[in-house]
Amino acid sequence: MSIFDKSAFKFSHQHRSFRTSAISNGQIVQFKLSDIGEGITEVTVKEWYVKEGDSVSQFDSICEVQSDKASVTITSRYDGIIRKLHYNLDEIAYVGKPLVDIETDALKDVASEEDVVETPAVSHEEHTHQEIKGHKTLATPAVRRLAMENNIKLSEVVGTGKDNRILKEDILNYLAKQTGAILPPSPKPEIIPPLPKSKTVPAAPKDRGIKIPIPISKPIVFAGKDKTEAVIGFHKAMVKTMTAALKIPHFGYCDEIDLTQLVQLREELKPLAQVRGVKLSFMPFFIKAASLGLLHYPILNASVDENCQNITYKASHNIGVAMDTEQGLIVPNVKNVQVCSVFEIASELNRLLTLGSAGQLGTNDLTGGTFTLSNIGTIGGTYAKPVILPPEVAIGALGKIQVLPRFNGNGEVFKAQIMNVSWSADHRIIDGATMARFSNLWKSYLENPASMLLDLK
Amino acid sequence: MVIPSSLKNCFQLFYVLKISAAGFKYTANRGLILQSVSSDVFQNLAVEDWIHDNMNLENRQVLFLWRNSPTVVIGRHQNPWQECNLKIMRKKNIKLARRRSGGGTVYHDLGNINFTFFTSKKKYERMENLKLVVRALKGLRPQLHVCATDRYDLLLDGNFKISGTAAKLGKTVAYHHCTLLCSADKINLSSVLKSPYKGIKSNATPSMPALVKNLFEEDPTLTCEMVMDAVAAEYARCHQIDHHITLINPADETVFPGINNKTKELQTWEWIYGKTPKFSISTCFNMVYEQSLLEAEVDIHVKHGRIEVCSIVLPEQWLPPAMCNELEKNLIGSKFCPSETTALASTLLRICPQSYELHSKWSLLCENVMTLM
């Protein structure tokens with residue numbers, strides 16, 4: 001409840017407002033739209049950077065207006081709280097008329113009309129002076145307030161600005177010297193574009209961990225704030241999918257694969273593929289070997305209905321490849337791997353990767369998958385615990401290839417190229433033995449690539 | 001002591017560009033002519049930002065010359081869906097950028113020269129700048145009939161637009177930039193600057209389409225270098241400074257501290273698309289499914305580039321209402337963007353009833369909704 005004099009609103013110019021609320025005891029100042037130049041008298045308000053109730057500092061951006069192909073950023077002349085916006089978006093604002101009402105703190109010297117800071121059409125720069133002990137010290141009202149809050153005498157601060165003007169940095173440096181601590185910079189109300197993937201809080205000042213040797217009267221102010229965002233768009237869809245996925249009882253099965261021979265084979269085949277315009281990675285081999293394995297264990301390429309009452313054995317091996325893009329995790333798939341050569345798979349992968357990084361994959365590429373491989377090893381890691389992507393029933397995560405010592409058949413140590421694989425499968429319809437046998441078959445094709453030749457279709 | 005002029009100019013640039021926000025004045029230097037070595041629109045726009053934010057232009061003027069690889073540049077308060085053909089642009093790898101100045105949409109390629117005139121706010125005078133460009137062109141080729149209009153365009157032969165203007169005014173600095181069509185690809189220009197999107201209702205600044213012509217169509221002996229040099233010479237003469245063009249690299253943090261952050265910000269989706277003023281699309285499209293023609297009605301409201309309201313009306317029972325609702329619900333909050341929609345729709349399909357018919361109908365619907373983006 002306030003004893004606000006309602007009639008005060010009718011007079012738009014300066015007056016003292018008496019309130020019983022906890023808000024500061026300030027005066028409402030009308031900030032008028034100043035001259036834009038070129039004889040312009042009216043502009044269109046295109047964007048507000050503040051809303052009623054926001055606090056602003058001097059020099060903060062208030063709004064963006066446009067006039068005849070010129071976009072102008074209007075900045076605040078005062079520190080205070082925005083009490084009223086005089087225009088809505090797309091309305092016409094007039095030069096010389098009030099733009100916003102700002103409630104400033106009741107200071108002895110409020111920024112005078114001469115203190116024009118956003119229109120230096122005024123050739124002399126006047127700042128409100130403060131006469132202390134006969135010294136005239138130059139400082140803006142914002143800086144003076146900072147000094148006052150910290151009980152600092154401006155005459156004792158060394159100004160590094162133009163004409164020895166005292167800047168905000170000078171006050172902070174002065175304080176730091178006093179307390180022996182480095183004060184974090186005060187929070188700047190910048191517009192920070194929201195990051196789609198990471199949900200990190202804005203970085204805390206570097207010196208958070210530094211111990212303060214001399215106790216000071218004021219506590220250190222930590223400028224970082226928690227940031228809450230709604231889960232929307234693609235992430236919301238992922239939440240739904242993953243929630244459904246975890247209803248599937250997963251079991252895991254892991255193994256290590258000796259890729260020494262495959263590494264050599266790929267080295268030989270890489271230039272051949274290059275000549276045909278295709279980049280050959282390890283994935284086409286992993287994918288083809290998986291398809292050969294699925295021919296023997298088709299239950300891994302199946303799908304169950306919602307109540308697990310029917311199993312559908314899918315004829316096509318549409319093997320999905322997890323891809324990390326700007327959106328997040330997407331899984332395009334290579335269609336009909338069972339009738340593709342390793343080269344054709346490599347070619348198709350190239351196409352999907354190019355489209356993926358350009359954000360141009362179509363729905364056809366992203367749907368219809370029956371089995372998935374995730375090559376998390378390109379980023380790092382050894383063993384993983386992948387989550388099955390419904391409506392599939394199995395998934396494999398491939399770790400990074402490491403050079404490790406292993407024993408050969410003669411008991412000698414040799415350098416082996418080892419990669420780990422982590423399978424997850426739907427335990428309602430797949431048992432450990434099936435998974436293990438499939439994995440062994442897949443492993444045998446990759447450890448001895450020549451054996452793939454026997455079974456290639 | 002006689003300092004070699006190239007070295008002297010190095011010192012000038014060094015002092016001029018190392019100005020702190022506190023306002024170090026190097027009064028002897030009245031002006032500077034800079035030319036970018038980069039054709040990346042984001043880097044070049046970042047240079048404008050940097051100069052606007054960091055240089056003290058109280059007693060100094062700067063001319064900045066730059067050209068870009070094929071890009072469509074929209075004004076600060078414009079709607080890209082209303083202004084250009086995003087589909088063709090994606091196919092042809094033509095970039096989209098949003099500048100900080102107002103005005104309309106333009107097409108840039110290496111056959112287009114951009115001039116930015118930086119001054120203090122009180123010395124902001126667009127007509128003078130345009131007259132300077134006209135003088136330079138006439139000096140180069142007296143038979144060229146070029147003039148400035150009161151809309152700050154430059155016309156060739158009274159009919160064809162060869163230059164458009166935009167400006168940005170900040171706290172203490174103002175800049176006016178304009179294009180100049182020398183040998184741009186007019187076929188690309190007209191195909192990308194035509195929006196295929198129907199049913200858009202928006203308060204964004206619209207562009208005025210105009211007949212355009214390249215300067216080189218009038219005089220094939222001209223080159224971009226000649227034109228840039230002529231304007232630089234005229235600028236130098238007007239402001240009584242050295243006719244010396246300093247080449248700058250917009251990626252150099254030692255000369256432009258903090259510029260790479262500005263470049264990054266200009267490339268974010270939030271800036272390019274997210275700054276589009278609120279708008280709505282109300283339209284219908286036809287789909288062909290198994291030899292029958294179906295009509296769908298769509299009403300989508302977009303704010304900050306994200307879908308705020310989404311309504312898709314389909315023929316009754318063509319798709320289970322629950323599925324259609326699921327799509328509408330999940331699109332809310334999503335970016336108005338085909339790749340985000342594709343990723344979202346494909347992911348949702350995983351938890352829908354698995355039937356070939358439903359999947360193909362869903363895919364068909366989503367493909368069509370994406371054509372609106």
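In what follows, chains are A, B, ... by sequence order, proteins preceding strands, each numbered from 1.
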message = As an exercise: rank Gly359(A), Ala237(A), Gly233(A) by heavy-atom pairs under 4.5 Å with chain B and give me the winner.
response = Gly233(A)
message = Tell me whether the count of non-hydrogen atoms from other residues, nucleotides or ligands lying under 6.0 Å of NE2 in His304(B) goes above 12.
response = no
query = Out of curiosity, Lys122(B) NZ to Asp35(A) CG, how far, rounded to the nearest 0.5 Å?
reply = 13.5 Å
ask   = So with a 6.0 Å cut-off around NZ of Lys201(B), is the heavy-atom count from everything else above 12?
value = no
query = With chain A, which of Cys337(B), Ala167(B), Gly333(B) has the greatest number of heavy-atom pairs at distances under 4.5 Å?
reply = Ala167(B)
Under 3.5 Å, side-chain donor or acceptor atoms of residues 361-373 of chain B against the rest of the protein: list the pairs with distances, not counting sequence neighbours.
from	atom 1	to	atom 2	distance (Å)
Lys361(B)	NZ	Trp318(B)	O	2.8
Lys361(B)	NZ	Glu357(B)	OE2	2.9
Trp362(B)	NE1	Ala345(B)	O	3.2
Ser363(B)	OG	His359(B)	O	3.0
Glu367(B)	OE2	Thr363(A)	OG1	2.2
Asn368(B)	ND2	Leu364(B)	O	2.9
Thr371(B)	OG1	Asn368(B)	O	2.5

key: Check: Lys240(A)/Thr347(B) side-chain N/O donor and acceptor closer than 3.5 Å   = no
query = Around atom CD of Glu306(A), are there more than 12 heavy atoms of other residues, nucleotides or ligands at under 6.0 Å?
reply = no
message = Is it the case that the side chains of Thr205(B) and Gln66(A) hold a donor-acceptor pair, with the cut-off being a distance below 3.5 Å and no angle test?
response = yes
key: chain A contact via Ile332(B) - side chain, backbone, both or neither, heavy atoms under 4.5 Å   = backbone
inquiry  = Using the rule given for side chain to side chain contact (heavy atoms under 4.5 Å, CB included), can you reason through Lys46(A) versus Arg76(B), listing the C-alpha separation, both sets of side-chain angles and the distance that settles it, and then say yes or no?
reply    = CA-CA 9 Å; Lys46(A) 291 310 261 183; Arg76(B) 173 72 175 79; over 6 Å; no
request  = Nearest 0.5 Å please: distance from the CG atom of Leu348(B) over to the NZ atom of Lys236(A).
outcome  = 9.5 Å
note = So, the part of Leu331(B) with a heavy atom under 4.5 Å from chain A: the answer is neither
request  = Against chain B, label Asp68(A) side chain, backbone, both or neither, depending on which of its atoms sit under 4.5 Å from a heavy atom there.
outcome  = both
query = Do NZ/NE/NH1/NH2 and the carboxylate oxygens of Asp153(B) and Lys69(A) come within less than 4.0 Å?
reply = yes
message = Closer than 4.0 angstrom, basic N to acidic O: yes or no for Glu64(A) and Lys275(B)?
response = no
ask   = What part of Leu89(A) is in contact with chain B, defined as an atom under 4.5 angstrom from a non-hydrogen atom: side chain, backbone, both or neither?
value = neither
ask   = Given a strict heavy-atom distance threshold of 4.5 Å, which part of Leu361(A) is in contact with chain B: side chain, backbone, both, or neither?
value = backbone
key: chain A interface, residue from Leu344(B), Leu349(B), Ile351(B) that has the most non-hydrogen pairs under 4.5 Å   = Leu344(B)
key: Pairs of heavy atoms under 4.5 Å with chain A: top-ranked of Gln354(B), Arg350(B), Arg100(B)   = Arg350(B)
From Ser76(A) atom OG to Lys171(B) atom NZ, the distance as rounded to the nearest 0.5 Å = 11.0 Å
ask   = Taking Lys123(B), Lys278(B), Met127(B), Arg151(B) one by one, which has the highest count of heavy-atom pairs under 4.5 Å against chain A?
value = Arg151(B)
key: Closest heavy-atom pair and its distance - Ser346(B), Leu366(A)   = OG-CB, 3.3 Å
